[in-house]
Amino acid sequence: MALLVVGSVAYDGIETPHGRVDRVLGGAGSYIALAASPFAEVRLVAVVGDDFDDDDEAVLRRRNVDCEGLVRASGKTFYWKGVYNRRMNERRTLATELNVFADFRPRLPESYRDTSHILLGNIQPDLQSLVLDQTPIRRYVAGDTMNYWIERTPDELAATMRRWNTILVNDEEARQLTGEDNLRHAGRAIRRMGPETVVIKRGEHGATLYRTDECFMAPAYPLDKLADPTGAGDAFAGGFMGYLASCGFRETGSAAGADLRRAMIYGSVMGSFCCERFGVDGLKDLRAEQIEERFEEFRAMTAF
């Protein structure tokens, strides 16, 4: 099975208590694609500027990422810069330059349109719907969103969410989306909006999955050194959906509960590797045996 990933490919400037880097490969699409690539062929849809380095595209291609949908436009690549506090649980944005991403209209290559599994990054909701309009054979759709779209485009977000099987949001976004402080109540409320499965990411506290009356909690891996949390939530989403794509489903939206639970752990595994180094460096050279070893560590930590 292949996984279609739609999101931003960017350059990031990042400062944490452990160091500083500038103009490193980033963007939700990059993190998702690299985290999903050990599990499934990834088909990436994004836009970059004419300043995008061939070496950065090679990072993606080397990891089983099909870049036919990576469009080069005249102008500069999306750029974000931020600084984290000492505990690295909060960050301050110093610069957001959309550049060519401001005019992004995802157009899928013909070879992508039969993709069965789709992960929509937190782009504008009507663009997420545009992608789904171009994928008539889709079987399983997961989507992400953010507070900006929840506040400014609630009707468009509601319309596209009704077409998703799974939503992945962080805890504050879940509360904002529903008006519920209790996350279990928020999970139920979001399910009534359309997605059968709700995954609420909670940073250093892991993630929780809500589905019918089922609740499953995946912890965060206890890292010896947290270098850079940028992209950890996207890496979680990539590991989660990459694993589900590798399972394959015979019917639309028919993910089994056991598959979803394992996907949650693989998501946590990929998020943990992401945090150990700056930018995408924690993901781009991962070996399958490293992923499986950490998966087994999660199993050992949570068995009783």
Side-chain angles (χ1 to χ4, degrees), residues 2-16 18-73 75-82 97-101 104 106 109 111-112 115 119 121-123 144 227-243 245-246 266-267 269-291 294:
L3 175 66
L4 175 65
V5 172
V6 184
S8 60
V9 172
Y11 282 128
D12 289 346
I14 304 164
E15 181 178 348
T16 80
H18 297 285
R20 178 189 303 173
V21 294
D22 195 33
R23 289 190 64 78
V24 295
L25 179 62
S30 300
Y31 284 103
I32 292 170
L34 289 170
S37 64
F39 307 97
E41 175 198 344
V42 176
R43 298 169 176 174
L44 178 62
V45 176
V47 63
V48 294
D50 46 24
D51 63 338
F52 192 67
D53 198 296
D54 289 342
D55 289 343
D56 292 315
E57 182 172 337
V59 169
L60 297 167
R61 291 187 181 277
R62 282 198 303 268
R63 298 298 293 185
N64 197 31
V65 178
D66 185 329
C67 292
E68 185 183 353
L70 183 64
V71 176
R72 289 181 181 260
K76 292 185 177 181
T77 301
F78 179 20
Y79 177 75
W80 175 85
K81 184 176 184 179
E97 301 169 10
L98 295 178
N99 299 325
V100 296
F101 191 64
F104 178 47
S111 61
Y112 284 17
T115 311
L119 178 49
N122 58 10
I123 59 175
D144 194 357
D228 171 23
T230 307
D234 296 314
F236 175 96
F240 177 89
M241 273 301 288
Y243 175 74
S246 75
Y266 277 116
V269 166
M270 302 311 289
S272 70
F273 280 118
C274 178
C275 291
E276 289 183 322
R277 299 175 67 184
F278 276 86
V280 301
D281 283 357
L283 300 171
K284 67 181 185 180
D285 296 317
L286 269 181
R287 301 187 308 276
E289 54 267 30
Q290 292 176 282
I291 295 169
R294 186 158 295 183

Checklist entry - Can you check side-chain contact (heavy atoms from CB on, under 4.5 Å) on F273 and D281, steps first, answer last? => result CA-CA 9 Å; F273 280 118; D281 283 357; over 6 Å; no

Item to check | Plane angle bin for Y266 and F39 - parallel if under 30°, tilted between 30 and 60°, otherwise perpendicular | outcome: perpendicular

Checklist entry - Looking only at heavy atoms, which two atoms of A35 and A235 are closest? And how far apart? => result CB-O, 3.3 Å

Checklist entry - Between S272 and R294, which heavy-atom pair has the shortest distance, and what is it? => result OG-NH1, 3.0 Å

Checklist entry - What distance separates L283 CG from E276 CD, expressed to the nearest 0.5 Å? => result 10.0 Å

Next on the checklist: Could you measure the distance from the CG atom of L34 to the CG atom of L286? Nearest 0.5 Å is fine.
Outcome noted: 9.5 Å

Item to check | Reported CG-to-CD distance for the pair L3 and E41, which is rounded to 0.5 angstrom | outcome: 9.5 Å

Checklist entry - Taking all non-hydrogen atoms of both residues, which atom of A2 and which atom of A245 are closest, and how far apart? => result O-CB, 4.3 Å

Item to check | Nearest heavy-atom neighbours spanning K284 and R63 | outcome: O-CD, 3.0 Å

Next on the checklist: Working to the nearest 0.5 angstrom, can you tell me the gap between D50 CG and K76 NZ?
Outcome noted: 10.0 Å

Checklist entry - Between I32 and L119, does a side-chain contact (heavy atoms from CB on, under 4.5 Å) hold up when you go through it step by step? => result CA-CA 9 Å; I32 292 170; L119 178 49; 3.4 Å; yes

Next on the checklist: Return the CZ to OG1 distance between F101 and T77, rounded to the nearest 0.5 Å.
Outcome noted: 11.5 Å

Checklist entry - Taking C-beta and beyond as the side chain, do V269 and F236 meet within less than 4.5 Å on heavy atoms? => result no

Next on the checklist: Donor-acceptor check, side chain of S8 to backbone of A10, threshold 3.5 angstrom: yes or no?
Outcome noted: no

Checklist entry - Do the side-chain N and O atoms of D22 and Y11 include a donor-acceptor pair separated by under 3.5 angstrom? => result no

Checklist entry - Given W80 and I14, is the side-chain contact (heavy atoms from CB on, under 4.5 Å) satisfied, shown in steps? => result CA-CA 8 Å; W80 175 85; I14 304 164; 4.1 Å; yes

Checklist entry - S30 side chain to L25 main-chain N or O, any donor-acceptor pair under 3.5 Å? => result no

Checklist entry - Do the side chains of P38 and M270 get nearer than 4.5 Å, heavy atoms only? => result yes

Next on the checklist: side-chain contact (heavy atoms from CB on, under 4.5 Å), that's the test. Do V45 and Y112 meet it? Break it down for me.
Outcome noted: CA-CA 9 Å; V45 176; Y112 284 17; 3.7 Å; yes

Item to check | Pairwise side-chain contact, F278 with V24, heavy-atom cut-off 4.5 Å (strictly under) | outcome: no

Item to check | Under 3.5 Å donor-acceptor, S37 side chain and V65 backbone | outcome: no

Next on the checklist: Any salt bridge linking D54 with R72? Criterion: basic side-chain nitrogen under 4.0 Å from a carboxylate oxygen.
Outcome noted: yes

Next on the checklist: So, taking the atom named CG in L70 and the one named CG in L44, what distance separates them when rounded to the nearest 0.5 Å?
Outcome noted: 5.5 Å

Checklist entry - Do the side chains of E57 and R61 get nearer than 4.5 Å, heavy atoms only? => result yes

Next on the checklist: Could you check whether any side-chain N or O of D228 sits under 3.5 Å from a backbone N or O of C275, counting only pairs where one atom can act as donor and the other as acceptor?
Outcome noted: no

Checklist entry - Just one of D53, D51, D12 clears the salt bridge (Lys or Arg N to Asp or Glu O under 4.0 Å) bar with R23, so which one? => result D51

Item to check | Heavy-atom closest contact (G242 atom, A40 atom, distance) | outcome: O-CB, 4.0 Å

